[in-house]
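Below you will find the structure I want to go over with you.
Both counts, for ligands and for their atoms, begin at 1 and track the order of listing.
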Amino acid sequence: MFLPTIPTPDEVVDKAFRRAKKAAMKVRGSKIRGQEKSKRIEEARVQTACQVIRDTYEDILKKTPRVEELSEFYQDYIDVVVGVDQLKKSLGALRWASDLLEKLQGQYTSRIRRSPPENASKLRSEAFGRIVSVVNRISDELDFLNFAKQQLRNMPTVDTEATTAVIAGYPNVGKSTLLRRITSAEPEVANYPFTTKGIQIGHLERHWKKFQIIDTPGLLDRPVMDMNEIELQAMVALENLADLILFIFDPSMTSGYPLENQVNLYNEIGQLFKEVTVFPIFNKMDLLEDAENVKYIREHINIREEPLLVAASDGSGVSRIIELLEDFDDEKKEYGRADV
Ligand SMILES: Nc1nc2c(ncn2[C@@H]2O[C@H](COP(=O)(O)OP(=O)(O)O)[C@@H](O)[C@H]2O)c(=O)[nH]1
Ligand SMILES: [Mg+2]
(Lines give C-alpha, C1' and ligand atoms only; values in the text may rest on other atoms or scores of the structure.)
(Ligands and ions follow the chains in the order given, each with its own letter.)
Protein backbone atom coordinates (compact mmCIF):
# COMPACT_ATOMS: atom_id res chain seq x y z
CA MET A 1 0.00 0.00 0.00
CA PHE A 2 1.23 3.44 -0.83
CA LEU A 3 0.94 6.09 1.87
CA PRO A 4 1.89 9.67 1.05
CA THR A 5 4.76 11.42 2.82
CA ILE A 6 3.86 12.52 6.32
CA PRO A 7 5.57 15.74 7.46
CA THR A 8 6.57 16.11 11.11
CA PRO A 9 4.86 18.83 13.20
CA ASP A 10 7.93 21.07 12.83
CA GLU A 11 8.05 20.60 9.10
CA VAL A 12 4.40 21.39 8.50
CA VAL A 13 4.45 24.38 10.87
CA ASP A 14 7.59 25.79 9.25
CA LYS A 15 6.05 25.48 5.84
CA ALA A 16 2.81 27.07 7.01
CA PHE A 17 4.51 30.03 8.66
CA ARG A 18 6.82 30.60 5.71
CA ARG A 19 3.86 30.74 3.36
CA ALA A 20 2.01 32.97 5.81
CA LYS A 21 4.90 35.39 5.76
CA LYS A 22 4.85 35.50 1.97
CA ALA A 23 1.12 36.11 1.98
CA ALA A 24 1.64 38.96 4.47
CA MET A 25 4.28 40.50 2.25
CA LYS A 26 1.90 40.48 -0.66
CA VAL A 27 -0.69 42.41 1.33
CA ARG A 28 1.98 44.77 2.59
CA GLY A 29 2.93 45.53 -1.00
CA SER A 30 -0.68 46.09 -2.04
CA LYS A 31 -2.54 49.36 -2.43
CA ILE A 32 -4.54 48.99 0.76
CA ARG A 33 -3.89 51.99 2.97
CA GLY A 34 -4.39 53.08 6.54
CA GLN A 35 -5.27 51.12 9.63
CA GLU A 36 -7.08 48.46 7.64
CA LYS A 37 -3.77 47.30 6.29
CA SER A 38 -2.33 45.90 9.52
CA LYS A 39 -5.55 43.89 10.00
CA ARG A 40 -5.43 42.58 6.46
CA ILE A 41 -1.85 41.50 6.95
CA GLU A 42 -2.58 39.52 10.11
CA GLU A 43 -5.71 38.05 8.61
CA ALA A 44 -3.73 36.82 5.60
CA ARG A 45 -1.15 35.23 7.88
CA VAL A 46 -3.71 33.27 9.86
CA GLN A 47 -5.66 32.39 6.76
CA THR A 48 -2.63 31.07 4.94
CA ALA A 49 -1.05 29.23 7.87
CA CYS A 50 -4.25 27.27 8.56
CA GLN A 51 -4.89 26.61 4.91
CA VAL A 52 -1.43 25.22 4.22
CA ILE A 53 -1.67 22.69 7.05
CA ARG A 54 -5.22 21.74 6.20
CA ASP A 55 -4.29 21.18 2.56
CA THR A 56 -1.37 19.02 3.62
CA TYR A 57 -3.52 16.87 5.89
CA GLU A 58 -6.42 16.67 3.46
CA ASP A 59 -4.04 15.54 0.76
CA ILE A 60 -2.73 12.74 2.98
CA LEU A 61 -6.27 11.67 3.83
CA LYS A 62 -7.28 11.74 0.20
CA LYS A 63 -4.30 9.72 -0.98
CA THR A 64 -4.51 7.08 1.72
CA PRO A 65 -6.62 4.11 0.64
CA ARG A 66 -9.58 3.39 2.89
CA VAL A 67 -8.78 0.21 4.75
CA GLU A 68 -12.37 -1.01 4.74
CA GLU A 69 -12.46 -0.81 0.96
CA LEU A 70 -9.43 -3.05 0.51
CA SER A 71 -9.69 -6.78 -0.03
CA GLU A 72 -9.68 -9.03 2.99
CA PHE A 73 -6.11 -10.06 2.32
CA TYR A 74 -4.86 -6.50 2.56
CA GLN A 75 -6.98 -5.73 5.59
CA ASP A 76 -5.49 -8.71 7.39
CA TYR A 77 -2.06 -7.86 6.16
CA ILE A 78 -2.27 -4.29 7.44
CA ASP A 79 -3.72 -5.53 10.68
CA VAL A 80 -0.81 -7.86 11.27
CA VAL A 81 1.86 -5.40 10.24
CA VAL A 82 0.70 -2.16 11.85
CA GLY A 83 -2.77 -2.74 13.30
CA VAL A 84 -5.90 -1.56 11.50
CA ASP A 85 -7.37 0.10 14.60
CA GLN A 86 -4.26 2.14 15.22
CA LEU A 87 -4.10 3.13 11.57
CA LYS A 88 -7.71 4.28 11.61
CA LYS A 89 -7.17 6.12 14.87
CA SER A 90 -4.19 7.99 13.45
CA LEU A 91 -6.03 8.94 10.30
CA GLY A 92 -8.91 10.04 12.53
CA ALA A 93 -6.52 12.33 14.39
CA LEU A 94 -5.49 13.89 11.11
CA ARG A 95 -9.13 14.51 10.28
CA TRP A 96 -9.65 16.01 13.75
CA ALA A 97 -6.72 18.38 13.29
CA SER A 98 -7.85 19.44 9.84
CA ASP A 99 -11.38 20.16 11.04
CA LEU A 100 -10.17 22.08 14.07
CA LEU A 101 -7.84 24.16 11.93
CA GLU A 102 -10.77 25.01 9.69
CA LYS A 103 -12.64 26.30 12.72
CA LEU A 104 -9.68 28.28 14.00
CA GLN A 105 -9.19 29.74 10.58
CA GLY A 106 -12.78 31.00 10.49
CA GLN A 107 -12.81 32.21 14.08
CA TYR A 108 -9.55 34.11 14.06
CA THR A 109 -9.90 35.72 10.67
CA SER A 110 -13.29 37.09 11.63
CA ARG A 111 -12.06 38.19 15.06
CA ILE A 112 -9.16 40.03 13.46
CA ARG A 113 -11.51 41.66 10.98
CA ARG A 114 -13.77 42.89 13.78
CA SER A 115 -11.00 43.92 16.18
CA PRO A 116 -9.40 47.32 16.57
CA PRO A 117 -6.24 47.42 14.45
CA GLU A 118 -3.91 47.52 17.48
CA ASN A 119 -5.21 44.10 18.58
CA ALA A 120 -4.67 42.38 15.26
CA SER A 121 -1.13 41.20 15.84
CA LYS A 122 -1.97 39.89 19.30
CA LEU A 123 -4.85 37.86 17.86
CA ARG A 124 -2.65 36.55 15.11
CA SER A 125 -0.02 35.39 17.57
CA GLU A 126 -2.73 33.72 19.66
CA ALA A 127 -3.93 31.94 16.53
CA PHE A 128 -0.42 30.79 15.70
CA GLY A 129 -0.02 29.43 19.21
CA ARG A 130 -3.17 27.39 18.81
CA ILE A 131 -2.16 26.14 15.38
CA VAL A 132 1.13 24.88 16.77
CA SER A 133 -0.61 23.21 19.66
CA VAL A 134 -3.13 21.42 17.40
CA VAL A 135 -0.35 20.05 15.24
CA ASN A 136 1.73 19.01 18.23
CA ARG A 137 -1.26 17.26 19.74
CA ILE A 138 -1.23 14.72 16.90
CA SER A 139 2.52 14.27 16.92
CA ASP A 140 2.34 10.62 18.03
CA GLU A 141 -0.22 9.83 15.37
CA LEU A 142 1.95 11.41 12.72
CA ASP A 143 4.89 9.31 13.93
CA PHE A 144 2.73 6.25 13.68
CA LEU A 145 1.60 7.10 10.15
CA ASN A 146 5.22 7.44 9.16
CA PHE A 147 6.01 4.09 10.70
CA ALA A 148 3.05 2.57 8.86
CA LYS A 149 4.25 4.09 5.62
CA GLN A 150 7.63 2.41 6.02
CA GLN A 151 6.12 -0.91 7.05
CA LEU A 152 3.55 -1.05 4.28
CA ARG A 153 5.97 -0.13 1.57
CA ASN A 154 6.58 -2.97 -0.87
CA MET A 155 3.48 -4.75 0.28
CA PRO A 156 2.83 -7.74 -1.96
CA THR A 157 0.70 -6.84 -4.95
CA VAL A 158 -1.61 -9.78 -5.08
CA ASP A 159 -4.28 -10.41 -7.65
CA THR A 160 -7.38 -11.00 -5.57
CA GLU A 161 -9.28 -12.22 -8.65
CA ALA A 162 -6.84 -14.91 -9.76
CA THR A 163 -7.08 -18.47 -8.50
CA THR A 164 -4.31 -18.62 -5.95
CA ALA A 165 -2.17 -21.56 -4.94
CA VAL A 166 0.16 -21.28 -1.99
CA ILE A 167 3.16 -23.60 -1.91
CA ALA A 168 4.13 -25.34 1.31
CA GLY A 169 6.70 -27.93 2.33
CA TYR A 170 10.04 -28.21 4.11
CA PRO A 171 13.09 -26.30 2.87
CA ASN A 172 14.95 -27.72 -0.14
CA VAL A 173 12.11 -29.95 -1.27
CA GLY A 174 11.94 -27.93 -4.50
CA LYS A 175 9.33 -25.24 -3.89
CA SER A 176 11.20 -22.41 -5.58
CA THR A 177 12.21 -24.61 -8.50
CA LEU A 178 8.61 -25.63 -8.95
CA LEU A 179 7.32 -22.08 -8.78
CA ARG A 180 9.68 -21.13 -11.59
CA ARG A 181 8.63 -24.12 -13.63
CA ILE A 182 4.92 -23.42 -13.32
CA THR A 183 4.92 -19.68 -13.84
CA SER A 184 6.20 -17.69 -16.74
CA ALA A 185 8.15 -14.59 -15.75
CA GLU A 186 10.56 -14.15 -12.84
CA PRO A 187 8.47 -14.26 -9.70
CA GLU A 188 7.96 -10.96 -7.91
CA VAL A 189 9.45 -10.70 -4.48
CA ALA A 190 7.47 -8.83 -1.86
CA ASN A 191 7.72 -8.21 1.85
CA TYR A 192 5.68 -10.35 4.11
CA PRO A 193 5.29 -9.88 7.83
CA PHE A 194 7.71 -11.87 9.95
CA THR A 195 9.58 -13.51 7.15
CA THR A 196 12.99 -12.14 6.41
CA LYS A 197 13.14 -13.61 2.94
CA GLY A 198 10.04 -12.09 1.40
CA ILE A 199 7.39 -14.04 -0.45
CA GLN A 200 7.61 -14.92 -4.12
CA ILE A 201 4.62 -14.43 -6.35
CA GLY A 202 4.46 -16.05 -9.76
CA HIS A 203 1.74 -15.65 -12.37
CA LEU A 204 0.33 -17.96 -14.97
CA GLU A 205 -2.38 -17.53 -17.57
CA ARG A 206 -4.04 -20.52 -19.15
CA HIS A 207 -7.07 -20.48 -21.43
CA TRP A 208 -7.87 -16.96 -20.28
CA LYS A 209 -7.80 -17.99 -16.69
CA LYS A 210 -5.43 -16.33 -14.31
CA PHE A 211 -3.44 -18.14 -11.67
CA GLN A 212 -1.15 -16.92 -8.99
CA ILE A 213 1.34 -19.10 -7.18
CA ILE A 214 2.87 -17.96 -3.93
CA ASP A 215 5.91 -19.34 -2.18
CA THR A 216 6.46 -18.29 1.42
CA PRO A 217 10.00 -19.06 2.53
CA GLY A 218 10.30 -19.11 6.28
CA LEU A 219 6.58 -19.45 6.81
CA LEU A 220 5.00 -22.59 5.43
CA ASP A 221 8.19 -24.59 5.55
CA ARG A 222 8.45 -25.36 9.24
CA PRO A 223 6.34 -26.87 11.99
CA VAL A 224 3.26 -24.83 12.72
CA MET A 225 3.72 -25.71 16.40
CA ASP A 226 6.83 -23.53 16.50
CA MET A 227 4.99 -20.45 15.37
CA ASN A 228 4.21 -17.60 17.68
CA GLU A 229 0.91 -15.79 17.90
CA ILE A 230 1.91 -13.09 15.46
CA GLU A 231 3.19 -15.53 12.88
CA LEU A 232 -0.06 -17.42 13.11
CA GLN A 233 -1.89 -14.18 12.51
CA ALA A 234 0.23 -13.58 9.45
CA MET A 235 -1.11 -16.89 8.19
CA VAL A 236 -4.68 -15.66 8.41
CA ALA A 237 -4.00 -13.23 5.60
CA LEU A 238 -2.61 -16.06 3.50
CA GLU A 239 -5.59 -18.21 4.27
CA ASN A 240 -7.88 -15.56 2.83
CA LEU A 241 -5.87 -15.48 -0.30
CA ALA A 242 -5.27 -19.18 -0.88
CA ASP A 243 -7.76 -21.16 -2.93
CA LEU A 244 -5.58 -24.21 -2.67
CA ILE A 245 -2.29 -25.32 -1.23
CA LEU A 246 0.31 -27.32 -3.10
CA PHE A 247 2.17 -29.27 -0.47
CA ILE A 248 5.52 -30.47 -1.75
CA PHE A 249 6.93 -33.72 -0.41
CA ASP A 250 10.46 -34.86 -1.04
CA PRO A 251 10.27 -38.66 -0.83
CA SER A 252 13.93 -38.86 -1.92
CA MET A 253 14.78 -37.18 1.38
CA THR A 254 17.75 -35.43 -0.25
CA SER A 255 16.46 -32.27 1.40
CA GLY A 256 17.28 -33.86 4.73
CA TYR A 257 13.85 -34.01 6.34
CA PRO A 258 12.55 -37.37 7.55
CA LEU A 259 9.29 -38.58 6.02
CA GLU A 260 7.61 -38.49 9.38
CA ASN A 261 8.32 -34.77 9.77
CA GLN A 262 7.07 -34.08 6.26
CA VAL A 263 3.86 -35.96 6.98
CA ASN A 264 3.40 -34.03 10.23
CA LEU A 265 3.84 -30.68 8.53
CA TYR A 266 1.34 -31.69 5.85
CA ASN A 267 -1.20 -32.57 8.51
CA GLU A 268 -0.57 -29.41 10.51
CA ILE A 269 -1.04 -27.23 7.47
CA GLY A 270 -4.27 -29.05 6.69
CA GLN A 271 -5.41 -28.24 10.22
CA LEU A 272 -4.34 -24.63 10.03
CA PHE A 273 -5.94 -23.95 6.64
CA LYS A 274 -9.17 -25.78 7.32
CA GLU A 275 -11.09 -24.13 4.49
CA VAL A 276 -8.43 -24.67 1.89
CA THR A 277 -7.82 -27.84 -0.13
CA VAL A 278 -4.30 -29.16 0.28
CA PHE A 279 -2.89 -31.13 -2.66
CA PRO A 280 0.13 -33.34 -2.05
CA ILE A 281 2.82 -33.20 -4.74
CA PHE A 282 5.71 -35.67 -4.71
CA ASN A 283 8.80 -34.01 -6.07
CA LYS A 284 12.31 -35.16 -7.02
CA MET A 285 10.99 -38.35 -8.51
CA ASP A 286 14.18 -38.53 -10.57
CA LEU A 287 16.12 -39.07 -7.36
CA LEU A 288 13.78 -41.53 -5.74
CA GLU A 289 15.52 -44.78 -5.02
CA ASP A 290 13.06 -46.37 -2.69
CA ALA A 291 9.41 -46.60 -3.77
CA GLU A 292 8.58 -47.49 -0.19
CA ASN A 293 8.97 -43.80 0.71
CA VAL A 294 6.08 -42.77 -1.53
CA LYS A 295 4.04 -45.59 -0.13
CA TYR A 296 4.83 -44.53 3.44
CA ILE A 297 3.63 -40.98 2.83
CA ARG A 298 0.48 -42.12 1.04
CA GLU A 299 -0.40 -44.35 3.93
CA HIS A 300 0.01 -41.57 6.45
CA ILE A 301 -1.92 -38.75 4.83
CA ASN A 302 -5.47 -38.29 3.66
CA ILE A 303 -5.66 -38.02 -0.08
CA ARG A 304 -8.70 -37.80 -2.28
CA GLU A 305 -6.98 -38.59 -5.55
CA GLU A 306 -3.80 -39.99 -6.97
CA PRO A 307 -0.93 -37.77 -5.83
CA LEU A 308 1.10 -36.10 -8.53
CA LEU A 309 4.63 -37.35 -9.03
CA VAL A 310 6.93 -34.73 -10.50
CA ALA A 311 10.50 -33.63 -10.96
CA ALA A 312 10.67 -29.86 -10.78
CA SER A 313 14.27 -29.76 -11.96
CA ASP A 314 13.57 -31.27 -15.39
CA GLY A 315 9.92 -30.26 -15.51
CA SER A 316 8.45 -33.73 -15.77
CA GLY A 317 4.92 -33.94 -14.45
CA VAL A 318 4.68 -30.19 -14.01
CA SER A 319 2.05 -29.87 -16.75
CA ARG A 320 -0.16 -32.06 -14.58
CA ILE A 321 0.09 -29.53 -11.77
CA ILE A 322 -1.10 -26.88 -14.18
CA GLU A 323 -4.01 -29.11 -15.21
CA LEU A 324 -4.83 -29.58 -11.57
CA LEU A 325 -4.97 -25.81 -11.13
CA GLU A 326 -7.26 -25.47 -14.12
CA ASP A 327 -9.58 -28.23 -12.94
CA PHE A 328 -9.67 -26.64 -9.54
CA ASP A 329 -10.59 -23.32 -11.09
CA ASP A 330 -13.47 -24.92 -13.03
CA GLU A 331 -14.73 -26.65 -9.92
CA LYS A 332 -14.54 -23.44 -7.96
CA LYS A 333 -16.62 -21.64 -10.58
CA GLU A 334 -19.20 -24.41 -10.54
CA TYR A 335 -19.46 -24.23 -6.79
CA GLY A 336 -19.77 -20.50 -7.10
CA ARG A 337 -22.74 -20.88 -9.39
CA ALA A 338 -24.37 -23.53 -7.28
CA ASP A 339 -24.18 -21.21 -4.28
CA VAL A 340 -26.15 -18.44 -5.95
N1 LIG B 1 17.17 -33.85 -8.72
C2 LIG B 1 16.24 -32.95 -8.42
N3 LIG B 1 16.58 -31.84 -7.76
C4 LIG B 1 15.63 -30.93 -7.48
C5 LIG B 1 14.30 -31.11 -7.88
N6 LIG B 1 13.59 -30.05 -7.47
C7 LIG B 1 14.46 -29.25 -6.85
N8 LIG B 1 15.68 -29.76 -6.84
C9 LIG B 1 16.90 -29.20 -6.24
O10 LIG B 1 16.72 -29.16 -4.84
C11 LIG B 1 17.37 -28.02 -4.30
C12 LIG B 1 16.36 -27.18 -3.49
O13 LIG B 1 15.38 -26.69 -4.37
P14 LIG B 1 14.57 -25.36 -4.06
O15 LIG B 1 13.63 -25.17 -5.17
O16 LIG B 1 15.48 -24.24 -3.73
O17 LIG B 1 13.82 -25.84 -2.73
P18 LIG B 1 12.93 -24.96 -1.71
O19 LIG B 1 13.82 -24.65 -0.57
O20 LIG B 1 11.82 -25.87 -1.32
O21 LIG B 1 12.47 -23.74 -2.44
C22 LIG B 1 17.95 -27.26 -5.47
O23 LIG B 1 19.29 -27.58 -5.60
C24 LIG B 1 17.15 -27.79 -6.66
O25 LIG B 1 17.88 -27.72 -7.85
C26 LIG B 1 13.96 -32.32 -8.59
O27 LIG B 1 12.83 -32.56 -8.97
N28 LIG B 1 14.98 -33.18 -8.82
MG1 LIG C 1 12.86 -21.76 -1.83
Side-chain angles (χ1 to χ4, degrees), residues 154 156 158 164-204 211-227 231 234-235 238 241-242 244-270 272-273 276 278-298 301 303 306-325:
N154 194 19
V158 299
T164 302
V166 171
I167 305 185
Y170 269 106
N172 292 316
V173 298
K175 298 185 299 299
S176 302
T177 313
L178 202 62
L179 178 75
R180 274 165 211 283
R181 277 277 167 206
I182 299 175
T183 57
S184 40
E186 269 298 288
E188 293 163 42
V189 181
N191 288 342
Y192 200 75
F194 319 109
T195 57
T196 45
K197 293 164 190 159
I199 61 171
Q200 320 260 335
I201 307 177
H203 302 275
L204 170 75
F211 301 94
Q212 178 175 250
I213 323 277
I214 301 180
D215 184 17
T216 62
L219 213 54
L220 291 180
D221 60 2
R222 60 202 187 85
V224 178
M225 301 293 202
D226 294 350
M227 288 183 186
E231 285 168 323
M235 303 289 237
L238 268 187
L241 198 61
L244 68 155
I245 291 175
L246 301 175
F247 187 95
I248 318 302
F249 281 103
D250 172 11
S252 82
M253 291 206 288
T254 51
S255 53
Y257 294 94
L259 299 181
E260 194 190 344
N261 295 37
Q262 296 190 49
V263 164
N264 287 343
L265 183 59
Y266 174 89
N267 289 329
E268 282 182 12
I269 285 177
L272 186 65
F273 292 80
V276 186
V278 184
F279 289 96
I281 312 275
F282 292 64
N283 189 34
K284 302 198 189 178
M285 292 318 286
D286 57 314
L287 295 180
L288 186 73
E289 284 175 352
D290 191 352
E292 284 298 306
N293 289 355
V294 170
K295 198 165 158 246
Y296 174 91
I297 297 170
R298 293 184 56 171
I301 62 173
I303 34 178
E306 275 304 294
L308 297 182
L309 309 180
V310 308
S313 51
D314 65 17
S316 59
V318 169
S319 60
R320 291 180 51 214
I321 298 181
I322 295 173
E323 282 164 21
L324 180 141
L325 294 174

protein heavy-atom neighbour closest to atom 16 (O) of ligand 1 works out as S176 CB, 4.1 Å
Sort by chain and number the protein N/O/S atoms found under 2.8 Å from the Mg ion (ligand 2). S176 OG
Could any protein non-hydrogen atom be found less than 4.0 Å from atom 23 (O) of ligand 1? no
Mind checking whether T177 has an N or O less than 3.5 Å away from an N or O of ligand 1? yes
Can you check atom 12 (C) of ligand 1: any protein non-hydrogen atom closer than 4.0 Å? yes
Hey, does A311 come in under 3.5 Å of ligand 1, counting only N/O atoms on both sides? no
Can you tell me which residue and heavy atom of the protein come closest to atom 10 (O) of ligand 1, and the distance to 0.1 Å? K284 NZ, 3.4 Å
Under 4.0 Å from a heavy atom of A312: give me the atoms of ligand 1 that qualify, with their elements. 6 (N), 26 (C), 27 (O)
Give the residue and atom name of whichever protein heavy atom lies nearest to atom 3 (N) of ligand 1, and the separation in Å to one decimal. S313 OG, 3.8 Å
Within the 4.5 Å heavy-atom criterion, are M235 and L220 side-chain neighbours or not? yes
Output yes when the distance from some N or O of ligand 1 to some N or O of G174 is under 3.5 Å, and no in every other case. yes
Closest protein heavy atom (residue, atom, distance) for atom 1 (N) of ligand 1: D286 OD2, 2.8 Å
Do NZ/NE/NH1/NH2 and the carboxylate oxygens of R320 and E306 come within less than 4.0 Å? no
